[in-house]
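The structure appears below as structure tokens.
Computed from a prediction, not measured in an experiment: that's the story for all the values here. Throughout, numbering of the chain's residues begins at 1 and tracks the sequence.
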Amino acid sequence: MRVKICGITKVDQGVAITQLGATALGFICVPSSSRYVTSSQIKSVIQALPSKIDCIGVFAEATIAEITQVVSQTLLSGVQLHGSESPEFCQELREKLPEVEIIKAFRLKNAEYLSQIPAYFNFVDTFLLDAYHPQMLGGTGITIDWNILKEFNSPSPWLLAGGLTPENARQAIEQVRPHGIDLSSGVEKAPGNKDLDKVAQLFRVIGNLGADL
Ligand SMILES: O=C(O)c1ccccc1NCC(=O)[C@H](O)[C@H](O)COP(=O)(O)O
């Protein structure tokens, strides 16, 4: 199972979280976020990692040129689109960056929001289902109503996000059965400052649960 820890801002924390077992790190490339990091900060973290894991840049309403510039300045392996990017935008990005994983995030207010997703099936590699907040784009700590995901079927793998913590992650995985999970504020001391004890607790709690799914 993929475990993505998002909102990495510090080299030592990126290294420690990789050693604890994360399969992906997320870097917030949205300037208005308190977890925002520059290309140079991203590169410093990635160059220090002890093993090769997925490194994902998170963007919202950025232009194709802005995204490709950050990817070319860093060693990002994937791009997460967290705004209202269209299927056409994803298609164009895929043509520009054929080797880069494209993750499209959806912020779900209710079950009807899931109906937007099929239009993206041909243009993205992975989906990320996150909680809806009227003012904040992500890292909100709000949990999705997992019941609305019972009917969700996707030909592509998908990650469950939104308010996951070491306390509820195991139940979420067992109930929702995603291909992976994404956590940010649930393993933080403050925005952008990860709590390594909580990250370690997370990996103890989920153990090798992924192997059973
Ligand atoms: O985390 C942010 O500050 C952020 C800002 C703008 C767009 C996206 C952002 N985060 C995206 C993520 O992938 C988070 O990990 C996801 O929203 C889950 O966050 P949380 O509920 O805190 O676990």
Side-chain angles (χ1 to χ4, degrees), residues 2-83 85 89-90 93-94 96-105 107 124-126 128 130 133 135-141 159 161-165 180-200 202-203:
R2 289 181 87 179
V3 181
K4 171 169 166 276
I5 304 295
C6 207
I8 302 297
T9 63
K10 299 173 195 301
V11 172
D12 58 332
Q13 294 186 355
V15 169
I17 290 168
T18 303
Q19 286 165 335
L20 285 168
T23 67
L25 301 181
F27 299 92
I28 306 298
C29 304
V30 180
S32 59
S33 169
S34 45
R35 301 178 181 93
Y36 173 72
V37 277
T38 62
S39 292
S40 151
Q41 287 173 287
I42 296 171
K43 208 169 158 188
S44 302
V45 177
I46 296 177
Q47 284 175 336
L49 296 181
S51 53
K52 195 172 168 348
I53 65 167
D54 298 331
C55 289
I56 312 294
V58 179
F59 297 83
E61 319 303 350
T63 63
I64 301 261
E66 286 164 345
I67 296 171
T68 51
Q69 189 185 19
V70 174
V71 170
S72 73
Q73 289 168 340
T74 60
L75 299 165
L76 288 173
S77 59
V79 163
Q80 178 177 319
L81 303 172
H82 219 90
E85 297 83 5
F89 183 93
C90 297
L93 188 62
R94 160 157 279 172
K96 286 273 175 355
L97 299 173
E99 309 297 328
V100 169
E101 179 183 12
I102 298 182
I103 302 176
K104 179 71 187 89
R107 299 177 297 122
V124 310
D125 300 295
T126 307
L128 182 143
D130 199 358
H133 183 284
Q135 276 91 39
M136 290 168 70
L137 286 172
T140 64
L159 310 180
L164 296 176
T165 65
I181 55 174
D182 169 286
L183 297 88
S184 184
S185 58
V187 288
E188 265 180 350
K189 291 179 179 165
N193 184 14
K194 296 301 171 203
D195 184 328
L196 297 181
D197 291 336
K198 285 189 183 168
V199 178
L202 170 76
F203 284 103

### Query
Which is it for Asp125 and Arg94 under the salt bridge (Lys or Arg N to Asp or Glu O under 4.0 Å) test, yes or no, and what are the steps along the way?
CA-CA 10 Å; Asp125 300 295; Arg94 160 157 279 172; 2.4 Å; yes
### Task
Answer yes if the side chains of Lys104 and Thr126 hold a donor-acceptor pair under 3.5 Å, and no otherwise.
no
### Query
Looking at side-chain heavy atoms only, is the closest gap between Leu202 and Val3 below 4.5 Å?
yes
### Message
Measuring from atom CD1 of Ile5 to atom OG of Ser184, what distance do you get when rounded to the nearest 0.5 angstrom?
### Response
8.5 Å
### Message
To the closest 0.5 Å, what do you measure between OG (Ser34) and CE (Met136)?
### Response
7.0 Å
### Query
Heavy-atom count around Lys198 NZ within 6.0 Å, excluding the residue itself: above 12?
yes
### Query
Are the side chains of Leu81 and Leu93 in touch, meaning some heavy atoms are under 4.5 Å apart?
yes
## Note on the structure
Nearest heavy-atom approach of Ser39 to Gln73 is OG-OE1, 2.7 Å
### Message
How long is the straight-line distance from CD of Gln19 back to CZ of Phe203, given to the nearest 0.5 Å?
### Response
12.0 Å
### Message
For Gln13, run the side-chain hydrogen bond (donor to acceptor under 3.5 Å, both in side chains) check against Asn193, Thr18, Asp195 and tell me which one passes.
### Response
Asn193
### Task
Report yes if some heavy atom in the side chain of Leu128 is under 4.5 Å from a heavy atom in the side chain of Lys4; otherwise report no.
yes
### Task
For Leu97 and Ile67, work out which heavy atoms get closest and say how close.
CD1-CG2, 4.3 Å
### Close side-chain approach of Cys55 to Leu49, heavy-atom, < 4.5 Å
yes
### Query
Quick one: does Ile53's side chain get under 4.5 Å of Thr23's, heavy atoms only?
no
### Task
Show your working on salt bridge (Lys or Arg N to Asp or Glu O under 4.0 Å) between Glu101 and Arg2 and close with a plain yes or no.
CA-CA 14 Å; Glu101 179 183 12; Arg2 289 181 87 179; 2.7 Å; yes
### Side chain to side chain, His82 and Asp130, heavy atoms closer than 4.5 Å
yes
### Task
To the nearest 0.5 angstrom, please state how far the CD atom of Gln47 sits from the CD1 atom of Ile42.
12.0 Å
### Query
Looking only at heavy atoms, which two atoms of Cys29 and Gly57 are closest? And how far apart?
SG-CA, 4.0 Å
### Message
Nearest 0.5 Å, please: how far is CZ in Arg35 from NZ in Lys194?
### Response
5.5 Å
### Task
Start with the C-alpha gap between Leu196 and Ile17, add the side-chain angles, then the distance that decides, and say whether side-chain contact (heavy atoms from CB on, under 4.5 Å) holds.
CA-CA 7 Å; Leu196 297 181; Ile17 290 168; 3.7 Å; yes
### Query
Among all residues two or more places apart in sequence or in another chain, which pass the side chain to side chain donor-acceptor pair (under 3.5 Å) test with Gln41?
Thr38
### Query
Which heavy atom in Leu164 sits nearest to a heavy atom in Leu183, and how many Å separate them?
O-CD2, 3.3 Å
### Query
Side-chain contact, heavy-atom cut-off 4.5 Å: Thr74 with Phe27?
no
### Task
For Gly7 and Ile28, work out which heavy atoms get closest and say how close.
CA-CG1, 3.9 Å
## Note on the structure
Gly14 and Leu25 have their tightest heavy-atom pair at O-CD1, 3.9 Å
### Query
Side-chain contact, heavy-atom cut-off 4.5 Å: Leu76 with Ile46?
yes
